[in-house]
Q: 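Handing you a structure now.
Note on naming: letters A, B, ... go to the chains in the order of the sequence lines (proteins, then strands), and numbering restarts at 1 for each one. In this text the structure is predicted, and so the values were computed from the model without any measurement.
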Protein chains: 2
Amino acid sequence: MEIKSLDQTDLKILHALQENARASFAEIAKQVGLTAPAVTERIRKLEHAGVITGYRTELDLRQLGFDVQALILIEVTYKDEQAFMRYAGEKQEVLECHHLLGQSAFSLKVCVKKMLDLEALIRELMKFGQTTTHILLSEVVPRRSVF
Amino acid sequence: MEIKSLDQTDLKILHALQENARASFAEIAKQVGLTAPAVTERIRKLEHAGVITGYRTELDLRQLGFDVQALILIEVTYKDEQAFMRYAGEKQEVLECHHLLGQSAFSLKVCVKKMLDLEALIRELMKFGQTTTHILLSEVVPRRSVF
DNA sequence: GGTGAAATAAACTTGCA
DNA sequence: TGCAAGTTTATTTCACC
């Protein structure tokens with residue numbers, strides 16, 4: 001993974017891929033004004049450089065039976081940090097977890113089927129420190145591309 | 001968008017697509033034990049039913065010069081809700097925004113190049129209500145598939 | 001780095017169980 | 001719904017600039 005200097009064409013490619021990760025190389029090539037092999041090679045380099053970290057499919061969690069999503073903030077006591085991170089990495093319900101600046105704090109995005117499942121999850125988390133839970137309602141901005 | 005009853009094959013397809021949104025129909029077909037046309041048709045239906053909401057490419061924001069990411073919680077005064085949502089929807093720096101349960105509260109995931117940009121952003125947000133900002137450090141769990 | 005053309009592979013279409 | 005065979009596109013490879 002080396003440092004890449006990105007030009008305008010790279011940014012256009014990244015824009016196209018953010019909007020539709022399943023776009024064909026040929027489609028992207030047309031959008032950026034290059035041929036398919038040129039685009040393929042640039043994308044391969046962006047992947048190898050670690051600029052592109054993955055291609056994900058977004059699902060409507062509610063349609064899949066996951067009716068409750070929540071944002072949980074937790075202040076973990078320092079000695080439990082390692083155990084907490086292991087727990088977060090293993091728990092299926094934890095969709096995302098970030099380390100926050102200061103005081104061994106973390107944010108978690110979790111998704112469960114029922115409110116009772118959320119209660120159980122929070123009860124487990126409370127072993128690691130004090131939690132603050134916010135139930136997520138509608139997505140005002142679902143997920144924006146960086147450019 | 002109608003109600004779909006998903007079987008095990010659908011869940012396997014969704015798993016494969018979550019892990020790699022650019023996987024070919026043929027690859028997915030092999031993973032789930034069907035032929036490519038059958039998988040293609042199922043994915044078409046999942047898209048049309050709204051179960052699949054999009055295909056996104058994930059980028060390493062730091063490599064792209066966005067060194068500061070933050071989670072901002074804001075309690076908007078009720079009369080400013082509409083104006084706030086319009087603002088969040090237009091601001092390039094706001095990657096995600098969720099409505100939270102209770103008191104016209106929202107969470108925002110934002111990304112900026114410099115700390116000074118974050119300061120400017122928070123100053124703008126303060127017009128809509130009281131904010132609490134958490135700087136995001138490492139990703140403990142980057143983004144997990146639901147199944 | 002990029003193009004254009006040929007070979008390979010994947011995606012659509014259609015008819016049938 | 002899914003499969004198989006045939007057709008149409010897309011991807012890959014490579015020689016050349």
Q: Check this for me: does any side-chain nitrogen of one of B:Glu119 and B:Lys114 sit under 4.0 Å from a carboxylate oxygen of the other?
A: no
Q: Is it the case that A:Arg22 places NZ or CZ above or below the six-membered ring of B:Phe25, under 6.0 angstrom from the centre and within 45 degrees of the axis?
A: yes
Q: Could you tell me whether A:Glu19 atom CD has more than 12 heavy atoms of other residues or ligands within 6.0 Å of it?
A: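 Enclosed: over 12 neighbouring heavy atoms sit under 6.0 Å from CD of A:Glu19.
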Q: Using whole Å, report how far CG of B:Asp7 lies from P of D:dT1.
A: 9 Å
Q: Bend across the helix from C:dG1-D:dC17 to C:dA17-D:dT1, to 10°, with axes taken over 5 pairs at each end?
A: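 So the angle between the two local helix axes works out to 40°.
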Q: Just the atom pairs and distances: protein N or O near nucleotides 11-13 of chain C's N or O, under 3.5 Å.
A:
residue	atom	partner	partner atom	Å
C:dA11	OP1	B:Phe25	N	2.9
C:dA11	OP2	B:Phe25	N	3.4
C:dA11	OP2	B:Ala26	N	3.1

Q: Looking at A:Leu95, A:Leu121, A:Leu64, which one forms a side-chain contact (heavy atoms from CB on, under 4.5 Å) with A:Cys111?
A: A:Leu95
Q: Measure NZ/B:Lys30 against P/C:dA9 and give the value in whole Å, please.
A: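 Atom NZ in B:Lys30 sits about 12 Å away from atom P in C:dA9.
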Q: Just to confirm, is there a sub-4.0 Å distance from OP1 or OP2 of C:dG1 to any side-chain nitrogen or oxygen of A:Lys45?
A: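 The answer is no; no side-chain N or O of A:Lys45 sits under 4.0 Å from OP1 or OP2.
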Q: Suppose we screen for side-chain contact (heavy atoms from CB on, under 4.5 Å). Which residues come up paired with A:Gln82, at least two apart in sequence or across chains?
A: A:Met85, A:Arg86
Q: Mind checking whether A:Tyr55 and B:Tyr55 have ring centres under 6.0 Å apart?
A: no
Q: Without hydrogens or angle criteria, can the side chains of B:Glu81 and B:Ser104 be said to hold a donor-acceptor pair below 3.5 Å?
A: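 Checked: B:Glu81/B:Ser104 side chains pair up, N/O donor to acceptor below 3.5 Å.
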Q: Please give, in whole Å, the distance from C:dA9 P to B:Ile28 CD1?
A: 19 Å
Q: Atom CZ of A:Arg42 to atom C1' of C:dG1: distance rounded to whole Å?
A: 7 Å
Q: Determine whether more than 12 heavy atoms belonging to other residues, nucleotides or ligands lie under 6.0 Å from atom CD of B:Gln130.
A: no
